[in-house]
Amino acid sequence: MPDPNLICQVRAASGIFDTWLAVAVSYSYQDTNPIRRFNMTCAEPSAAKVMKLVPGDRVDVILAGLKVIEDGFIQVRQAGYDANRHAVQISGLAKAGHIQHASVELGQVRGYPFEAIANAVVKKYGVKFRMVNPPPGADLPFPNVIPLWGETDWEFLSGLARARGIRLTCAANGDLIGGVPDGGKRAVLEEGRNIISCNAYIELPWAQKVLGSAQEAGTDQRFGRLVSETAAEATIPGGPEGLTKRILAERPLGTRENQIAVDAYASDILLATVRVTVTHHGWFKPGTSELWELGDKVSVRSPMAFGRVDSQDLRVYTVTCSQTPEGQTTTTVELVSEAAFVQRFPDGQAGNPFDQTAQKANAIMPA
């Protein structure tokens with residue numbers, strides 16, 4: 001049986017359900033799975049105890065007494081049985097779960113920052129948008145934005161967020177959050193002490209420089225090559241010498257906007273080059289009674305994983321809390337380079353490929 005302090009409850013109008021055979025609750029900064037989600041399986045031993053949860057039901061999900069999803073909803077219910085077994089699986093999402101499916105209803109928007117646009121988009125889901133420790137330039141207004149026909153709310157917002165270097169995620173109550181928290185006190189995951197399994201992936205950056213080209217709308221004061229040939233360049237120490245990745249802006253960008261977009265692309269290159277996945281017992285951060293939060297600081301001490309160095313300072317990118325049918329509770333955290341998660345621009349440390357840092361993009365003026 002699971003630790004009584006590590007019980008998962010699903011609370012709904014029809015009751016409180018906590019006799020789960022298997023549990024998985026996940027939240028992430030990944031564009032493909034931005035909304036908090038859950039998946040639970042239970043047995044139904046008799047008709048008198050048939051689970052009443054059905055798609056559309058509003059639920060709260062509680063792990064070890066802490067609410068990880070508030071006013072979410074059941075999306076899918078699957079029931080199966082034979083002569084000897086009967087089980088039900090439910091899965092669902094946080095309150096803003098449909099943001100990946102519904103189309104944008106905004107028209108043309110002029111002169112508003114990302115925060116104002118995001119709040120206008122998400123209000124139909126009954127949630128809000130808020131900034132947490134936003135990156136430089138996050139409050140820069142968009143001169144002119146027009147959603148594409150049929151574009152989903154998530155596609156629209158994530159595209160604008162990339163143009164401002166903003167990372168998006170979902171809070172327990174379904175609110176969207178932009179930016180990266182400071183990470184708090186650094187937790188420690190250590191080989192031979194609290195790590196069940198570890199997978200460390202490192203890849204050579206595929207470019208030394210990122211060169212971004214864009215155009216902006218001309219005015220009586222700004223015209224010609226000054227607006228038609230906007231460019232910015234960022235350098236990634238440790239990338240293959242002489243190799244450049246060229247990107248073209250998806251929409252008109254001014255000089256400052258283009259610098260932000262190039263910085264964000266360089267950060268994404270670094271994000272792809274280091275991925276460390278660690279599984280440990282329980283749902284709490286080691287040494288605490290708190291669940292993991294996205295952006296948390298972590299020191300992973302594992303000579304076997306890193307080879308040349310014994311430990312790395314990383315950040316939490318994805319969290320998955322699980323329970324097996326045997327009652328074992330575990331947490332898997334996907335970790336990424338702190339350089340990719342926080343905009344900082346000193347030179348990378350030579351000899352340590354896990355700590356590469358893109359240098360801040362510089363504007364390139366037309367000759």
Side-chain angles (χ1 to χ4, degrees), residues 1-28 30 32-33 35-70 72-94 97 172 189 191-199 276-286 288-294 316-335:
M1 294 293 292
D3 185 325
N5 293 320
L6 295 177
I7 297 295
C8 174
Q9 292 183 328
V10 174
R11 299 176 183 176
S14 53
I16 298 176
F17 304 91
D18 57 13
T19 55
W20 304 107
L21 293 178
V23 171
V25 179
S26 183
Y27 39 107
S28 177
Q30 293 180 5
T32 53
N33 289 305
I35 304 301
R36 294 192 178 210
R37 58 194 59 237
F38 60 90
N39 191 303
M40 284 91 170
T41 302
C42 74
E44 294 184 346
S46 69
K49 295 182 179 180
V50 171
M51 179 178 285
K52 299 177 182 178
L53 294 174
V54 296
D57 282 357
R58 289 289 176 178
V59 296
D60 293 342
V61 178
I62 289 81
L63 295 181
L66 301 175
K67 193 176 293 185
V68 289
I69 293 179
E70 178 183 352
F73 61 92
I74 305 298
Q75 184 181 34
V76 176
R77 181 184 193 272
Q78 298 183 74
Y81 65 91
D82 58 23
N84 302 310
R85 295 168 297 181
H86 189 190
V88 168
Q89 181 182 84
I90 63 165
S91 58
L93 298 164
L189 293 168
E191 182 181 310
R193 186 168 69 89
N194 56 13
I195 292 178
I196 299 175
S197 65
C198 176
N199 180 283
V276 179
T277 303
V278 177
T279 299
H280 67 82
H281 287 294
W283 291 332
F284 293 139
K285 285 191 292 185
T288 76
S289 57
E290 302 173 351
L291 299 175
W292 289 100
E293 294 293 341
L294 299 179
V316 174
Y317 192 70
T318 299
V319 178
T320 302
C321 298
S322 304
Q323 177 189 307
T324 67
E326 293 74 31
Q328 182 185 36
T329 54
T330 61
T331 300
T332 298
V333 285
E334 184 182 18
L335 310 169

Exercise. Is a side-chain donor or acceptor of Arg36 paired with a backbone partner of Val68 at a separation under 3.5 angstrom?
Worked result: yes
Exercise. Hey, does Thr329 have a side-chain heavy atom less than 4.5 Å from the side chain of Cys321?
Worked result: no
Seminar exercise, completed: Closest non-hydrogen atoms of Val54 and Ile74, given as atom of the first, atom of the second and distance, are O-CB, 3.4 Å
For this session: Mind running side chain to side chain contact (heavy atoms under 4.5 Å, CB included) on Val316 and Glu293 for me, showing each step along the way?
Result: CA-CA 7 Å; Val316 174; Glu293 294 293 341; over 6 Å; no
What donor-acceptor contacts under 3.5 angstrom involve side-chain atoms of residues 7-17, with partners at least two apart or in another chain?
from, atom 1, to, atom 2, distance (Å)
Gln9, OE1, Arg11, NE, 3.1
Gln9, OE1, Arg11, NH2, 2.7

For this session: State which residues pass side chain to side chain donor-acceptor pair (under 3.5 Å) with Gln75; sequence neighbours excluded, sorted by chain then number.
Result: none
For this session: Could you tell me which non-hydrogen atom of Ala172 sits nearest to which non-hydrogen atom of Lys67, and how far apart they are?
Result: CB-O, 4.0 Å
For this session: State which residues pass side-chain contact (heavy atoms from CB on, under 4.5 Å) with Glu334; sequence neighbours excluded, sorted by chain then number.
Result: Gln30, Arg275, Thr277, Tyr317, Thr318
Problem set entry | Side-chain heavy atoms of Val23 within contact of Met40, under 4.5 Å | yes
For this session: Would you please test Ile69 and Asp60 for side chain to side chain contact (heavy atoms under 4.5 Å, CB included) and show each step?
Result: CA-CA 5 Å; Ile69 293 179; Asp60 293 342; over 6 Å; no
Exercise. Taking side chain as C-beta onward, heavy atoms only, is Gln323 less than 4.5 Å from Trp283?
Worked result: yes
For this session: Could you check if a side-chain atom of Ile35 sits within less than 4.5 angstrom of a side-chain atom of Asn33, using non-hydrogen atoms only?
Result: no
Exercise. Can a donor-acceptor pair be found between the side chains of Thr332 and Thr279 at a distance below 3.5 Å?
Worked result: yes
Exercise. With Thr320, which residues qualify under side chain to side chain donor-acceptor pair (under 3.5 Å), at least two apart?
Worked result: Ser26
For this session: Using side chain to side chain donor-acceptor pair (under 3.5 Å) as the criterion, list what pairs up with Ser322, not counting sequence neighbours.
Result: none
For this session: Measure the shortest side-chain to side-chain distance between Phe38 and Ile90 over non-hydrogen atoms and say whether it is less than 4.5 angstrom.
Result: yes
Exercise. Side chains of Leu66 and Phe284: closer than 4.5 Å at any heavy-atom pair?
Worked result: yes
For this session: State, with a plain yes or no, whether a side-chain heavy atom of Gln89 is found less than 4.5 Å away from one of Asn39.
Result: yes
Exercise. Taking side chain as C-beta onward, heavy atoms only, is Leu335 less than 4.5 Å from Val278?
Worked result: yes
For this session: Could you pull out the closest heavy-atom pair between Trp20 and Cys42, with the gap in Å?
Result: CE3-CB, 3.7 Å
For this session: Could you pull out all residues at least two apart from Thr324 that satisfy side chain to side chain donor-acceptor pair (under 3.5 Å)?
Result: Glu326
For this session: Provide the closest heavy-atom pair for Tyr27 versus Trp292 in the form atom of the first, atom of the second, distance.
Result: OH-O, 2.7 Å
Seminar exercise, completed: Residues Ile196 and His280: closest non-hydrogen pair is CD1-C, 3.6 Å
